[in-house]
There are 2 protein chains.
Amino acid sequence: MIGQYQHSIDAKGRLFIPAKFREELGETFYVTIGLDGCLSVYSDTKWASLIEKVEALPLSKARSMRTLFANAAKCEPDAQGRILIPAKLREYAKLEKEVIITGASRCVELWNPERWAPIESEGLDPENLAAAMEELGF
Amino acid sequence: MIGQYQHSIDAKGRLFIPAKFREELGETFYVTIGLDGCLSVYSDTKWASLIEKVEALPLSKARSMRTLFANAAKCEPDAQGRILIPAKLREYAKLEKEVIITGASRCVELWNPERWAPIESEGLDPENLAAAMEELGF
DNA sequence: AGTCAGGTGGGGGAAAGTGGGGAATAGTAG
DNA sequence: CTACTATTCCCCACTTTCCCCCACCTGACT
């Protein structure tokens with residue numbers, strides 16, 4: 001799941017998911033709250049493995065995952081590849097008109113452009129980029 | 001991956017990858033942002049090992065890798081060995097018409113000629129070259 | 001000169017992306 | 001229970017992008 005796209009939520013609240021991502025996500029996927037104010041979209045299988053990990057957690061720690069599940073939604077794209085995002089989630093990520101759809105290796109993330117911009121430019125900063133590559137030993 | 005070539009991006013945004021590199025890169029490869037304003041091209045296997053390393057990273061560090069994935073693209077050359085470079089990446093590396101394609105041992109790099117020139121002449125400078133060789137203990 | 005492989009250019013069709021009409025369902029008020 | 005509104009889903013039509021294919025050029029080797 002790599003790449004970056006921009007699409008807008010139409011008048012009926014639908015968001016188009018690029019074909020590239022749909023291929024990898026399968027035909028049903030799960031949207032939930034993500035880090036730093038984005039939404040994360042997982043494929044069926046990734047979601048299942050996430051559930052598995054949470055269930056293996058001691059109860060005390062699993063408690064903090066409550067909101068993750070409370071704010072999750074199962075989405076099935078229509079024939080044109082668009083999904084309907086629950087109002088609650090749209091609000092959390094401040095998704096209004098334009099949405100940035102980015103690949104994040106294990107999942108796809110949905111961003112409000114204004115929130116995404118600083119994160120992207122930070123990662124593009126030569127110092128940070130060099131540090132990141134070094135971290136990977138690449 | 002060694003050598004240096006120059007090719008131009010055609011009217012449809014396609015860039016020709018020399019046969020020498022295609023042999024080593026395989027038939028699907030990954031283009032992403034590189035250091036000093038170039039683009040890096042990795043083979044399927046190199047990319048897979050990169051993913052592996054990122055997924056092993058603690059979440060806090062993996063987060064800073066977001067831009068790396070958002071600004072990456074999977075490319076499959078057409079029957080003539082050309083790839084389509086996403087506009088976003090082309091912009092990052094300021095690739096317009098002419099492109100320098102260089103071997104960088106582990107990957108192939110794509111450069112705007114004007115950005116490449118100072119880097120090459122710096123590396124060609126006898127003093128720097130000698131210093132670099134010495135660093136290697138060669 | 002002829003052949004072959006690498007490289008260049010462009011036409012056309014399929015698929016991706018975009019927008020909106022309208023039916024089915026559910027919720028609300030009268 | 002009925003009428004009205006809102007939400008969701010399904011379908012159709014249009015535009016744009018991209019990818020597949022073919023034709024041609026150039027240089028190397030015979």
Side-chain angles (χ1 to χ4, degrees), chain A residues 1-31 39 41 43 71-92 95-103 108-111 113, chain B residues 1-31 39 41 44 70-91 95-103 108-111 113:
Chain A
M1 324 249 212
I2 55 173
Q4 179 180 162
Y5 303 85
Q6 172 155 13
H7 284 294
S8 51
I9 294 179
D10 70 16
K12 295 184 181 181
R14 298 174 297 187
L15 175 66
F16 189 86
I17 303 295
K20 286 259 169 61
F21 287 148
R22 268 170 10 233
E23 267 171 37
E24 301 194 64
L25 288 168
E27 51 191 45
T28 64
F29 36 85
Y30 294 84
V31 185
L39 297 182
V41 185
S43 70
N71 291 290
K74 182 175 178 176
C75 287
E76 304 195 338
D78 66 15
Q80 277 78 267
R82 295 171 293 194
I83 57 169
L84 206 63
I85 301 173
K88 189 97 183 175
L89 284 172
R90 233 182 303 160
E91 202 179 305
Y92 168 80
L95 303 183
E96 276 138 42
K97 187 98 184 102
E98 297 301 310
V99 178
I100 306 283
I101 302 154
T102 64
V108 169
E109 294 182 339
L110 309 180
W111 290 88
Chain B
M1 322 250 212
I2 53 171
Q4 179 180 156
Y5 303 84
Q6 172 155 13
H7 285 292
S8 52
I9 293 178
D10 70 17
K12 293 186 180 178
R14 298 173 297 189
L15 175 66
F16 189 85
I17 303 295
K20 286 263 168 60
F21 287 149
R22 269 175 2 239
E23 269 170 37
E24 300 194 64
L25 288 168
E27 51 190 47
T28 64
F29 36 86
Y30 293 84
V31 184
L39 297 181
V41 185
D44 214 338
N71 291 289
K74 181 176 180 176
C75 288
E76 305 197 334
D78 64 17
Q80 279 78 262
R82 295 170 294 193
I83 57 169
L84 201 64
I85 301 175
K88 192 92 187 172
L89 286 173
R90 236 181 300 158
E91 202 179 302
L95 302 182
E96 275 139 43
K97 190 92 185 109
E98 297 303 309
V99 178
I100 307 282
I101 302 155
T102 63
V108 169
E109 293 183 338
L110 310 180
W111 290 89

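Since this is a predicted model, take the numbers as computed values, not measurements. Naming convention: chains lettered A, B, ... in sequence-line order (proteins, then strands); numbering from 1 in each chain.
- In this structure, B:H7 NE2 and B:K97 NZ are separated by 12.5 Å, a value rounded to the nearest 0.5 Å.
- Within the model, atoms CZ of A:F29 and OG of A:S43 stand 10.0 Å from one another, a figure rounded to the nearest 0.5 Å.
- The number of heavy atoms from other shown groups lying within 6.0 Å of CD (B:Q4) is above 12.
- Between A:A73 and A:L89, the closest heavy-atom pair is CB-CD1, 4.3 Å.
- First and last contacts of DNA chain C with chain B, using any nucleotide atom under 4.0 Å from a protein heavy atom and ordered 5' to 3', fall at C:dG7 to C:dG12.
- The side chain to side chain contact (heavy atoms under 4.5 Å, CB included) test with A:L39 singles out one residue from A:V99, A:V31, A:N71, and that residue is A:V31.
- The distance from atom NZ of B:K88 to atom C1' of D:dT17 is 19 Å, rounded to the nearest whole Å.
- Atom CD1 of residue A:I101 and atom CH2 of residue A:W111 lie 13.5 Å apart, to the nearest 0.5 angstrom.
- Rounded to an integer number of Å, the gap from CZ of A:R82 to P of D:dC11 is 12 Å.
- Helix bend of the helix from C:dA1-D:dT30 to C:dG30-D:dC1: the angle between its two end axes, each built from five pairs, comes to 10° after rounding to 10°.
- B:D78 has its CG atom 10 Å from the P atom of D:dC21, to the nearest Å.
- At most 12 non-hydrogen atoms from other residues, nucleotides or ligands lie less than 6.0 angstrom from NZ of A:K74.
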Close N/O contacts between protein and nucleotides 23-30 of chain D (under 3.5 Å):
none

Give every donor-acceptor pair under 3.5 Å between a side-chain atom in residues 11-28 of chain B and any protein atom, sequence neighbours left out.
{"from": "B:R14", "atom 1": "NE", "to": "B:D10", "atom 2": "OD2", "distance (Å)": "2.8"}
{"from": "B:R14", "atom 1": "NH2", "to": "B:D10", "atom 2": "OD2", "distance (Å)": "3.0"}
{"from": "B:R22", "atom 1": "NH1", "to": "B:I17", "atom 2": "O", "distance (Å)": "2.6"}
{"from": "B:E24", "atom 1": "OE1", "to": "B:M1", "atom 2": "N", "distance (Å)": "3.4"}
{"from": "B:T28", "atom 1": "OG1", "to": "B:D44", "atom 2": "OD2", "distance (Å)": "2.9"}

Residues 76-85 of chain A, side-chain donor-acceptor partners within the protein, below 3.5 Å, at least two apart:
{"from": "A:D78", "atom 1": "OD1", "to": "A:Q80", "atom 2": "N", "distance (Å)": "2.8"}
{"from": "A:D78", "atom 1": "OD1", "to": "A:G81", "atom 2": "N", "distance (Å)": "3.1"}
{"from": "A:D78", "atom 1": "OD1", "to": "A:R82", "atom 2": "N", "distance (Å)": "3.0"}
{"from": "A:D78", "atom 1": "OD2", "to": "A:R82", "atom 2": "NE", "distance (Å)": "3.3"}

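- Residues from residues 4-21 of chain A that place a heavy atom under 4.0 Å from any atom of DNA chain D, listed by number: A:K12, A:R14.
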